[in-house]
2 protein chains.
Amino acid sequence: MTITLAQLNAAAPQEAAAMLDGLYEHSPWIAQAALAQRPFASLTQLKHAMARIVAEAGADRQLALIRAHPELAGKAMVSRTLTSESTNEQGKAGLTDCTPEEFARIQQLNADYNAKFGFPFILAVRGPRGTGLTRREIIDTFARRLDNPVDFERAEALRNIHRIVELRVNDKFGVEPDLGNIVWDWQEKLAQFSDPEFKEKGQLTVTYLTDAHRAAAAFIASEMKACGFDEVKIDAVGNVVGVHKAAAAGAKALLTGSHYDTVRNGGKYDGRLGIFTPMACVRELARQQRRLPFDFEVIGFSEEEGQRYKATFLGSGALIGAFNPAWLEQKDADGVTMREAMRHAGLPATLEAIAALRRDPARYLGFVEVHIEQGPVLNEIDLPLGIVTSINGGVRYLCEVIGMASHAGTTPMNRRRDAASAVAELALYIEQRAARDGDSVGTIGIWTVPGGSTNVVPGRCQFTLDLRAPTDAQRDALVKDVLDELQAICTRRGVRHTLEETMRAAAAPSAPKWQQRWERAVESLGVPLHRMPSGAGHDAMKLHEVMPQAMLFVRGQNSGISHNPLESTTSDDIELAVHAFQRLLDDLARENP
Amino acid sequence: MTITLAQLNAAAPQEAAAMLDGLYEHSPWIAQAALAQRPFASLTQLKHAMARIVAEAGADRQLALIRAHPELAGKAMVSRTLTSESTNEQGKAGLTDCTPEEFARIQQLNADYNAKFGFPFILAVRGPRGTGLTRREIIDTFARRLDNPVDFERAEALRNIHRIVELRVNDKFGVEPDLGNIVWDWQEKLAQFSDPEFKEKGQLTVTYLTDAHRAAAAFIASEMKACGFDEVKIDAVGNVVGVHKAAAAGAKALLTGSHYDTVRNGGKYDGRLGIFTPMACVRELARQQRRLPFDFEVIGFSEEEGQRYKATFLGSGALIGAFNPAWLEQKDADGVTMREAMRHAGLPATLEAIAALRRDPARYLGFVEVHIEQGPVLNEIDLPLGIVTSINGGVRYLCEVIGMASHAGTTPMNRRRDAASAVAELALYIEQRAARDGDSVGTIGIWTVPGGSTNVVPGRCQFTLDLRAPTDAQRDALVKDVLDELQAICTRRGVRHTLEETMRAAAAPSAPKWQQRWERAVESLGVPLHRMPSGAGHDAMKLHEVMPQAMLFVRGQNSGISHNPLESTTSDDIELAVHAFQRLLDDLARENP
């Protein structure tokens, strides 16, 4: 017996509370408190309202909520005293079918986890349509999370509880994220293609123009055709280009897309979500035999990560004429030139063919891109979608401070020229200086004392600087302050430094009109707005050079970890991204009738 | 025509100034200002007085002094416009005989050096009796010093000027450091023995019981006999033991000595100076056919550095019964056990023979040790000798901070768990906390982000802690504060840490009476007193466990660099160390008639 949101909005308080019974384990107060915020425009709004009530309930009530949950495959499962919801979930995850070894391992993990954190391990184990984590994956996640700091793990437990509740809400309201599930299945199928030496380790790696890369392109092209795109082709740099034609010839086009290549041992969603989300929109348009008043061009870019060749953004760059001719002669780790790789892939491998990919910006309305966040923000604030305000500009440096190595026992503190201490001072300055901007970031990622020894004051310290901000001006001010401080620290400490710039990328602020379109789309779904810069680089940076662009972020699970097999999202969040994209298309159709 | 100190002290001002003419290049004001401090008790006092006047003259006059010097093998040498002193010195260093290639190289170095520092390169090139640096060594030193920070190099130039002046003073007063020269020659001869794979690279390495080590022992024993020691032997652990007998039988003994093994690619003076300095004293006693009222036992300890076997302080430890029986079975890098190495060296290799080396403390007055400072302090304050107040106690830890690796672009500053930043905070705390004590030291010598990457926030940071102080109580307070702060930083930043203690050594404060004997000896030479802790460990730490001890430090050149081929001292400083040891013996003889 399912209920509807209209029924919930209309029901008397006690009746409404009964409707939401069983969502938060043994904790009806959460749903009850949320009900005071009726009417809800969407289930997303209801879910978010409940999550915020938990977030604001204080540490004691949060802990009580976590402790209200059973252990995974624990005593309650064995003695059959789980709530019916938990029985269903643990059963579907196959935990009732554990081998004795798996069961023993989980019991040990339960004991260790409880001893460290003082609450049970909670993991949302269900995926869409009964899929989800395998017992092996559950055990691995369990072991990994044992290493987390306590406060972090408490937040992680709450996030998993919210996901469990989301699945229970869907059951209660008889809702399935159908479009999200379609995209989910595409993601899973595409992830089957992986470069052989990684595939055999169960890892996902698709680098430019390998056999796995070509198979991935063929899969995307074939699914595009099945969706009902009018034109589908693989272009001269391996981009998969699908066009859903406008109702009338000669219309301008909306461009969208993202990349299908991956880093080594990467995640399933980075890039790919930005291809499949608009594909799901086209699938719906075709199903409804509907045509937009503009061409809708969806591209799976072949290269963004710069893994096999140092040719980052090759795919999207080709559309703006940014292909560097020298790349053709560049060799991969096995000595294969890009030209050879292109020929092997059946591409023309000529500069003429590549130059012809350049788009005429006058033909385009603009570029939009959907991407998984690759950061912790949306995950932490319990929001499925985020509006990108700008793709941060960045600069990277390779640096060294040179002081004087000396005896750690015999050199008084006031006579040292400790190279590492100088870098330590800079690191703390960067933390404060970047935080002052609010949305700048600064990182020393590599940090080493070459030939260091316990009893020697560091004479040299090598490190990297990575500085980013949403605008070039903000980034340049950050860079200036950091480099000035480095100089001041070195002068004060009587050491010196070297500095080599290794990367510089301009910021790509979103076009206000396009950002507003995403905002309207997200708001119309009953999802609270959250604006944020993108710290990572994206294909949209390239298109930014020739046309207006704006991006939509989708929440990543596991604190937004990315470039890692743990990168994850949910079919519910994907469903919302598809809906948002549909709203944006509708909005644009109204504007360009 | 030489002058005497008495003449200088008695002369009228202008006459005295004329006597000191030509000491500081084109800068008579320094000697003139020093003359106001007459009478001088010693030439050392005169030299120190002049050095202090330069130290207090301010940066402008110091720079003018440095710039008053000619370039090495520069235009002035070619055009024969050097001062007569410089002509003499540069000629003796063989610089007038440069090959065209060497000359060209020096001209390039002169140009680079002047461009960087704005003053000429100054190097005291003369050693005792016309020996000194070879042209190759001069060029290498020149190239090395080009890398120094400007303020450091300015101080280094002044120190070299003072050394040049010292040699000029000696010439003027017709003084040769005869005893210092004898020790100097012993040092040079002993440095000829080096383990073969290092010797062929021109490096000094003498590790426990190698052929070079045994040859070094034989050399010391043979020189001891030549000096007039009554008994000389090599004991069961390879110590070279010489005894100069008291006037009467049954007297107690004064024990002294240091080690003759070295670290890999080490310096000539570390340890060895503490064997040769008392040997020079015995040589003088024998020459004067004089006997002390106590036995004088001088030991060259066979093992202090723990290089071939992990058996640090083996030589001095054997005298207090601290030989660990398990060491005999320990294997070196080639699989040779210590027992086998001992047998190969003709030693008995039995625990009985080793146990028999234990000394009866009741038979001894105490232990004294002369050692090169291995630090920058005496070099910086222009003093040849220093009084050790304590050998610092120390603790070492191997540590790791575990935070969470995350994307450097997408993780906002306030959501990071940066492991390296936590260590940075600790490093700056240690600097302040150790400095607050004045004589504590704390060092993070190893510092690394394993698998670090430019665009990843460090998830782990491995580092070492080395904390030392002159007393155990002071060290323990330091350790407590540092570890408390580490915990506080980790708690505040939501990261955690691991800690493994890898070393703990008790402090060895000097016995006040023995420290006072060194002080009286040094003061009687007209050398200003400077008391200081020893940051490095020494054989005296072992003897400290059973008898009173005190140490004397001798200034190291090159900012006190040690465990390095650049470790260096001068025959003038050695001469003063021998004189100080003679005064201490005389003092002790008066006390124990």
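Computed from heavy atoms alone, side chains included, the values below leave out hydrogens, waters and symmetry copies. Letters go in sequence order (proteins before strands), and every chain restarts at 1.
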Under 4.5 Å, counting heavy-atom pairs only, tell me which of B:T454, B:I561, B:T464, B:V456 racks up the most with chain A.
B:T454
Heavy-atom contact with chain A under 4.5 Å, split by part of B:S559
neither
Counting heavy-atom pairs under 4.5 angstrom with chain B, the leader among A:A435, A:S421, A:S453, A:A427 is A:S453
Is there side-chain contact between B:N379 and A:R415, with heavy atoms separated by less than 4.5 Å?
no
Is there a side-chain contact between A:V449 and B:I446, using heavy atoms and a 4.5 Å cut-off?
no
Segment of A:I444 engaging chain B (4.5 angstrom heavy-atom cut-off)
backbone
Atom of A:T448, atom of B:T448 and distance for their closest heavy-atom approach
OG1-OG1, 4.2 Å
Please determine, among B:G452, B:G494, B:A408, the option with the most heavy-atom pairs under 4.5 Å with chain A.
B:A408
Atom group of A:M503 that falls short of 4.5 Å from chain B, counting heavy atoms
neither
Sort B:R436 into side chain, backbone, both or neither according to what part of it lies under 4.5 angstrom from a heavy atom of chain A.
neither
Measure across B:T443 and A:P458 and return the closest heavy-atom pair with its distance rounded to 0.1 Å.
CG2-CD, 4.3 Å
Out of B:L467, B:D418, B:L428, which one racks up the most heavy-atom pairs below 4.5 Å with chain A?
B:L428
Crowded around A:K116 NZ? As in, over 12 foreign heavy atoms under 6.0 Å?
yes
One option among A:D466, A:V457, A:V441 has the most heavy-atom pairs under 4.5 Å with chain B, and it is A:V441
So, the part of A:N414 with a heavy atom under 4.5 Å from chain B: the answer is neither
Would you mind listing every ring-ring contact (aromatic ring centres under 6.0 Å, His included) that reaches into residues 406-448 of chain A, with sequence neighbours excluded?
A:W447-B:W447
Among the listed options A:M532, A:M404, A:E425, A:Q462, the residue most often paired with chain B at heavy-atom distances under 4.5 Å:
A:M404
Below 4.5 Å from any heavy atom of chain B, which atoms of A:T502 appear? Answer side chain, backbone, both or neither.
neither
Answer yes or no: is there a side-chain heavy-atom contact under 4.5 Å between B:I402 and A:D147?
no
Contact winner vs chain B - A:G442, A:S562, A:S534, A:G560, heavy-atom pairs under 4.5 Å:
A:G442
Name the region of A:Q432, side chain, backbone, both or neither, that has any atom closer than 4.5 Å to a heavy atom of chain B.
neither
Looking only at B:Q374, B:E431, B:R396, most heavy-atom pairs under 4.5 Å shared with chain A are made by B:E431
Side chain, backbone, both or neither: which part of A:T411 has an atom under 4.5 Å from a heavy atom of chain B?
both
Tell me, for A:R433 versus chain B, whether the close heavy atoms (under 4.5 Å) come from the side chain, the backbone, both or neither.
neither
Among A:H563, A:R496, A:R417, which has the most heavy-atom pairs under 4.5 Å with chain B?
A:R417
Please examine the side chains of A:D437 and B:M413, heavy atoms only from C-beta on, and report whether any two atoms are closer than 4.5 Å.
no
So which heavy atom on A:P412 is nearest to which on B:V377, and how close?
CG-CG2, 3.4 Å
Against chain B, work out which of A:N455, A:D439, A:N392 has the most heavy-atom pairs shorter than 4.5 Å and name it.
A:N455
